[in-house]
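Worksheet for the structure shown next.
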Amino acid sequence: MGIMKNIAQSEVLKLKDQVAYQEGQVVSKTLAQNVCMSITLFAFDKDEEISTHESDGDAFVTCLDGVGEVTIDGVKYELHEGESIVMPAKRPHAVYGKEQFKMLLVVVFQL
């Protein structure tokens, strides 16, 4: 059995189609997770958010659909489809759906 889950393998697909928007919610779908990394898809309804927190790993975010806002150390960055940003480990960050917003999150942990 492979490490990846909740996603078709050996098949061409669009990541943004792998997680659906739900009214008033942030939806997540874990694709892989272990002590070294995690890969998760998110769908934010408009005005939904993940509040300020910190992570032990560097978090790489890629916008798959819509417009999102990432705040790192109090500085706001707007992400559009195809754009990416890294939220450094142990620094406060948050994610907000300025519109409906889908993202791929890859967190890499240092052992």
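A quick note: this is a predicted structure, and the numbers were derived from the prediction, not measured.
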Contact check, side chains of Thr40 and Val107, non-hydrogen atoms, under 4.5 Å: no

Hydrophobic cluster identity match, Met103 and Val108, side-chain contacts under 4.5 Å: no

Under 3.5 Å: donor-acceptor pair, side chain of Asp45, backbone of Gln25: no

Main-chain N/O of Thr30 paired with Asn6 side-chain donor or acceptor, under 3.5 Å: yes

Flag if over 12 foreign heavy atoms under 6.0 Å of NZ, Lys46: no

Check: Leu105 and Met87 side chains under 4.5 Å, non-hydrogen atoms: yes

Under 4.5 Å side-chain linkage, directly or through intermediates, the cluster mates of Val12: none

Test side chain to side chain contact (heavy atoms under 4.5 Å, CB included) applied to Glu99 - qualifying residues, sequence neighbours left out: Val67

Atom pair NZ/NZ of Lys14 and Lys102 - distance to nearest 0.5 Å: 11.0 Å

Validation row: Leu64, Leu41 side chains within 4.5 angstrom (heavy atoms): yes

Min side-chain heavy-atom separation Pro92-Asp73 under 4.5 Å: yes

Same apolar cluster (I L V M F W Y, side chains within < 4.5 Å links), Leu13/Phe42: no

Under 3.5 Å: donor-acceptor pair, side chain of Lys29, backbone of Gln18: yes

Heavy-atom side-chain proximity of Ile3 to Met37 below 4.5 angstrom: yes

Any pair counted as ring-ring contact (aromatic ring centres under 6.0 Å, His included), so long as it reaches residues 82-111, sequence neighbours left out: Phe44-Phe101, His53-His93

